[in-house]
Amino acid sequence: MANTVYILNGPNLNLLGTREPEIYGSTTLADIEAMCQKHAEKNGLSLSFHQSNDEGALVELIQEARSKGSAIIINAGAYTHTSVAILDAILALEIPVIEVHLSNLFKREAFRHHSYITPAAQGLICGLGAQGYVMALDYLSQS
Ligand code: DQA
């Protein structure tokens, strides 16, 4: 439990693999989960991996991680750009949070340049596809 990293994925990330593959690639969320699982095991971490299209469900999971998790890796999808509720849930945490995005937000539409999460996160990885999740896990296993 002490070494459990919560990996939280927001809306529409369940469609990865078929959703705008020119932006998000052909890797599915199940592929990302398997990749993270393998990497976590190698580094002695356990994972609690989730996806939800529901903002409230993501808030509940962030709250759950307060007592059950050692860190959070979050790709909040579009809620990144809109959710004060997710920001507040993160501000209530004492564990590190790493924000991940598959695409490079800063090469895209202006509304994606602002994240409510970044100011509360330890770090941000974006634009490196599924590899970003593995890099975040690497960082956590070494810190
Ligand atoms: C995303 C970027 C967001 O702007 C978008 O709404 C997503 C995916 C990414 O991983 O690149 O759903 O978080």
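All ligand and atom numbering here is 1-based and tracks the order in the structure.
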Counting only heavy atoms, which portion of H101 has something under 4.0 Å from ligand 1: side chain, backbone, both, or neither?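 Near ligand 1, H101 shows its backbone as well as its side chain.
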Of the side chain and backbone of R19, name the one, both, or neither that has a heavy atom under 4.0 Å from an atom of ligand 1.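 Within the 4.0 Å criterion, R19 contacts ligand 1 through side-chain atoms alone.
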For Y133 and I7, what are the C-alpha separation, side-chain angles and deciding distance, and is it a side chain to side chain contact (heavy atoms under 4.5 Å, CB included)? CA-CA 9 Å; Y133 289 78; I7 302 189; 3.8 Å; yes
Atom 11 (O) of ligand 1 [closest protein heavy-atom partner, distance rounded to 0.1 Å]: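 Nearest protein contact, heavy atoms only, for atom 11 (O) of ligand 1 is S103 OG, 2.6 Å.
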Write out the residue and atom name of the closest protein heavy atom to atom 9 (C) of ligand 1, then the distance separating them to 0.1 Å.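 Its nearest protein heavy-atom neighbour is L102 N, 3.4 Å.
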Could you tell me whether some N/O pair between R112 and ligand 1 is separated by less than 3.5 angstrom?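 The answer is yes, given that R112 and ligand 1 share an N or O pair closer than 3.5 Å.
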Has ligand 1 got any nitrogen or oxygen that is less than 3.5 angstrom from a nitrogen or oxygen of V100?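 Between V100 and ligand 1, no N or O pair is found under 3.5 Å apart.
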Should the ring pair H50 and Y6 be called parallel, tilted or perpendicular, given that the plane angle runs from 0 to 90° and is split at 30 and 60?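 H50 and Y6: parallel rings.
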Using a 4.0 Å cut-off to any heavy atom of [X], which atoms of ligand 1 qualify?
X    : answer
L105 : 2 (C), 4 (O)
H81  : 3 (C), 4 (O)
Y24  : 5 (C), 7 (C), 8 (C), 9 (C), 11 (O)

Checking the side chain of H81 only, and the main-chain atoms of S115 only, is there a donor and an acceptor separated by less than 3.5 Å?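 Such a contact is absent between H81 side chain and S115 backbone.
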Would a distance-only check, ignoring hydrogens and angles, find a side-chain to backbone donor-acceptor pair under 3.5 Å from Y79 to N53?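 Such a contact is found between Y79 side chain and N53 backbone.
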CZ of R66: more than 12 outside heavy atoms within 6.0 angstrom?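 No, CZ of R66 has 12 or fewer neighbouring heavy atoms, counting only those of other groups under 6.0 Å.
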Can you tell me if N75 has a non-hydrogen atom under 4.0 Å from ligand 1?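 Yes; N75 lies near enough to ligand 1 that a heavy-atom distance drops under 4.0 Å.
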Please round to the nearest 0.5 Å and tell me the distance separating atom NE2 of H101 and atom CD1 of I125.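 Going from the NE2 atom of H101 to the CD1 atom of I125 covers 10.5 Å.
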Residue of the set N43, I73, I72, I95 for which side-chain contact (heavy atoms from CB on, under 4.5 Å) holds with L140: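 When N43, I73, I72, I95 are each tested with L140, the side-chain contact (heavy atoms from CB on, under 4.5 Å) holds only for I73.
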